[in-house]
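Report on the following structure.
The sequence lines fix the lettering, A, B, ..., with proteins before strands; numbering per chain opens at 1.
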Amino acid sequence: MSAAHARPRRRRRRTGRDRVLQAIATAAVAGPLGVLALLFGVVAWRGLARLDWLLLTGAPSRHAEQAGLLPALAGSALLVVLVAALSVPVGVGAAVYFEEYGHDSRLARLLELNVKNLAGVPSVVYGVLGLGVFVRALDLGRSLIAGAATLSLLVLPIVIVASREALRVVPAALRESGLALGATRWRTTWGVVLPAALPGVATSVILALSRALGETAPLVVVGALTYVTFLPDGLDAPYTALPIQIWSWVSRPQPEFIVNAAAGVVVLLTLLAVTNAAVVILRDRAQRRVLP
Amino acid sequence: MSAVGELAVQDAHDLARAGRPIERSIEVGLLACAAVSALTTIGIIVVLAQGSLAFFHDVSPQQFFLDLQWTPLFAQPRYGIWPLVGGTLLISAIALAVALPLGLLAALFLSELAPSGARRALKPLLEMLAGVPSLVYGAFALIVVTPLLQRIVPGLAGFNALSPGIVMGLMLTATVATLVDDGLRAVPRSLREGAWALGADDTAMIARVLLPAAKGSIGAAFTLVAARAVGETMIVAIAAGQQPRLTVDPRVPIETMTAFIMQVSMGDVPVGTPAYRSIFVVAGALFLLTFVLNWVAHTRVRRQP
């Protein structure tokens, strides 16, 4: 009797209770997905019916039919640009420090733990931090820059963690060949490692910015307004943002404003779908770079 | 010459001229970037501690910890924290009651029971769902779920705990599924094969081998999601109401710690009043609660072999 000829069974016999488990688990996936599809569908249906050019380019109004999203879209766009400018250099710099210069020192490990903790802090608490530091202590008031700074701190852990992943994937051989040829550590990082990690780092930036795009609570706490009819005219200007406008509309009792909110949700989800698609494309390119 | 080779030549020139100081200052600059995260934590602690201490100048800790009413905006305000904590816990309990079982089953489906194509399609879908802002889920709760539930549940108010709790649970199911799936995949295949070799079917393998082996990371995942439920703001701000109330009845309006912070900071509460400072003390309580939950989650993961 030769055991060497024994072949592994490709399929085990399914018992009755396995079938039951399979059915329950499938329901546990299909159920929530179905409900979510329903929720998205209903809101999108009502929102799309309301969506038109006036909504996208007009200013808010006491009359629901004339209300528009332009100041909110402008505010969100400016916030995203500012958050990128603030959080990307600091976040990527920190990631580079952890991955390239960390040397597993105690300081580095403490800072790493700190970043992990920060990722779990509720977004309102970041808002309160922004209120205390930017709005009051630095006396920036309810300004665009205070909101952008607050959001930058909130997304910083995302940029750091995701950029670190991107840097880690770069083969050691690349770094070592740079160093072996006499390039300094920084030159190797700037000239070789970062370009190689670029799709992954770009992914981390987009993830962070899409998170910033959807945040409501911290901006409310640092003073974003809910009724703004003009576009922000400077870093110190008052402002609003797309999620804030949606929230303001959904909080009104009149059903016409609820429909406006649904339309706003459609706009927001469309923007996020675009960024999501960008992430997927970039991830695909990153994969194809690493594998020869 | 290759890109790296050109850099190397350039560096030989640089080093000849400028030497190590540039490298050193760059390293310090990068360390400063990493230190920003430390400053953020210090900033949070300082802001919350300062505001809380100022709060306790005017309001006694006894009232804060023992009073059962939270009415900071009344003419005769009362500052007992329990209605807010109770509201947070009630909604979180409902959300977790939905998300933990469904998420666990979904993770089992993804990692053990699904046909291979299904997994490849579902993982990105779950990731997309996790990226939807909670504001959108809040809109769902108010626009669709509450009216629907009002036809089924007698006495359900327009603002209540049940609707946002269920919707939050749906939102968190995706997160639970992803985290638990990661934990299940970390269990070596040999353990499963050992069970099968001994004649176990999938149910027995899962119940007696897989889940016990993964229980550390599953527990950590549950704890992390609990922290997220506690810290969630927009779903409850939109659909739960603004009436702090200590109750277990999910049909009435309540207020959570998070929604309160948002509500008061929006209003015209004058700076320096106890009502204003209550923002910081409630945020402090919230921060401590989520910090403990996150810390427990991370230590449980470390204990895994």
Side-chain angles (χ1 to χ4, degrees), chain A residues 12 15 17-18 21-22 24-26 28-29 32 35-36 39 42-43 90 93-94 96-98 101 111 114-115 117-118 120-125 128-129 131-133 153 156 177-178 181-187 191-192 210 214 216-217 220-221 243 246-247 250 258 261-262 265 269 272 276, chain B residues 3-5 7-8 11-12 15 23 26-27 29-31 33-38 40-41 43-44 47-48 51 102 105-106 108-109 113 122 128-129 131 133 135-136 139-140 142-144 170 173 196 201-203 227 231 233-234 238 258 261-262 265-266 279-280 283 286-287 290-291 294 298:
Chain A
R12 295 176 309 284
T15 58
R17 63 183 187 173
D18 269 5
L21 181 63
Q22 178 100 357
I24 296 179
T26 312
V29 170
V35 173
L36 285 172
L39 293 175
V42 169
V43 171
V90 175
V96 167
Y97 178 78
F98 285 125
Y101 292 79
L111 289 175
N114 183 48
V115 170
N117 276 327
L118 283 177
V121 171
S123 55
V124 258
V125 175
V128 176
L129 169 68
L131 181 66
V133 171
L153 288 183
L156 197 60
S177 55
L181 285 169
T184 62
R185 184 171 290 266
W186 172 244
R187 277 300 221 147
V192 178
S210 54
T216 323
V220 172
V221 175
I246 297 173
W247 171 65
V250 95
I258 304 279
V265 166
L269 288 179
L272 289 173
N276 205 288
Chain B
V4 173
L7 288 175
D11 274 304
L15 277 175
E23 276 286 312
I26 289 181
E27 188 170 342
L30 293 176
L31 177 57
C33 290
V36 170
S37 58
T40 308
T41 305
I44 292 177
V47 166
L48 295 181
L102 285 180
L105 285 169
L108 284 172
F109 180 81
L113 304 169
L122 281 174
M128 255 174 46
L129 282 176
L135 164 76
V136 175
F140 287 169
L142 190 68
I143 297 178
V144 183
L170 286 175
T173 302
W196 288 327
D201 60 0
D202 276 344
T203 311
T233 313
M234 290 318 292
I238 292 177
T258 49
I261 295 172
M262 215 173 81
S265 57
M266 263 190 73
I279 296 178
F280 299 96
L286 182 66
F287 178 70
T290 52
F291 182 80
N294 280 308
H298 282 133

(message) With rounding to the nearest 0.5 angstrom, report the CG to OG1 distance, A:Leu118 to B:Thr41.
(response) 3.5 Å
(request) Measure the OG1-CG distance between B:Thr173 and A:Leu36 for me, rounded to the nearest 0.5 Å. (result) 8.0 Å
(request) Go through the atoms of A:Val221 and report whether side chain, backbone, both or neither lie under 4.5 Å from a heavy atom of chain B. (result) both
(request) Go through A:Val43, A:Ile24, A:Val90, A:Val96 and name the one with the most non-hydrogen pairs under 4.5 angstrom from chain B. (result) A:Val90
(message) For the backbone of A:Asp18 and the side chain of B:Asp202, can you confirm whether one donor and one acceptor N or O come within less than 3.5 Å of each other?
(response) no
(request) Check whether B:Ile143 gets within reach of chain A through its side chain, its backbone, both or neither, counting any heavy atom under 4.5 Å. (result) both
(request) Could you have a look at A:Val124, A:Ile258, A:Val133 and say which one has the most heavy-atom pairs with chain B under 4.5 angstrom? (result) A:Val124
(message) Can you tell me which portion of B:Thr233 sits under 4.5 Å from chain A's heavy atoms? Options are side chain, backbone, both or neither.
(response) side chain
(request) Select one option (side chain, backbone, both, neither) describing which atoms of A:Leu156 are under 4.5 Å from chain B's heavy atoms. (result) side chain
(request) Please look at B:Met234 and chain A and tell me whether the side chain, the backbone, both or neither of the residue comes under 4.5 angstrom of a heavy atom of that chain. (result) side chain
(message) Using heavy-atom distances under 4.5 Å, tell me whether B:Leu142 contacts chain A through its side chain, its backbone, both, or neither.
(response) side chain
(request) Could you tell me which non-hydrogen atom of B:Asn294 sits nearest to which non-hydrogen atom of A:Gly120, and how far apart they are? (result) ND2-O, 3.3 Å
(message) Only pairs of heavy atoms separated by less than 4.5 Å count here; which of A:Ala262, A:Ala261, A:Ala28 has the most with chain B?
(response) A:Ala28
(message) What part of A:Thr26 gets within 4.5 angstrom of chain B, counting heavy atoms only: side chain, backbone, both, or neither?
(response) both
(request) Go through B:Ala106, B:Ser37, B:Gly231, B:Ala38 and name the one with the most non-hydrogen pairs under 4.5 angstrom from chain A. (result) B:Ser37
(message) Report which part of A:Val42 has an atom under 4.5 Å of a heavy atom belonging to chain B: side chain, backbone, both, or neither.
(response) side chain
(request) Output the distance between atom CZ (B:Phe287) and atom CG (A:Asn117), rounded to the nearest 0.5 Å. (result) 7.5 Å
(request) Looking only at non-hydrogen atoms, find the nearest pair between A:Gln22 and B:Leu113 and report the distance. (result) NE2-O, 3.2 Å
(request) Any chance you could measure A:Tyr101, atom OH, to B:Leu31, atom CG, to the nearest 0.5 Å? (result) 11.5 Å
(message) Would you compute the distance between atom CE of B:Met128 and atom CG of A:Asn276 and round it to the nearest 0.5 angstrom?
(response) 5.5 Å
(message) Please report the interatomic distance CZ(B:Phe109) to CG(B:Leu122), rounded to the nearest 0.5 Å.
(response) 6.5 Å
(request) For residues A:Val220 and A:Trp247, determine if any side-chain heavy atom of one lies less than 4.5 Å from a side-chain heavy atom of the other. (result) yes
(message) Which one wins on heavy-atom pair count under 4.5 Å against chain B: A:Val125, A:Leu269, A:Val265, A:Thr216?
(response) A:Thr216
(request) Counting only heavy atoms closer than 4.5 Å, note whether B:Ala283 contacts chain A via side chain, backbone, both or neither. (result) both
(message) I'd like to know which of A:Val121, A:Leu129, A:Leu39 tops the heavy-atom pair count under 4.5 Å against chain B.
(response) A:Leu39
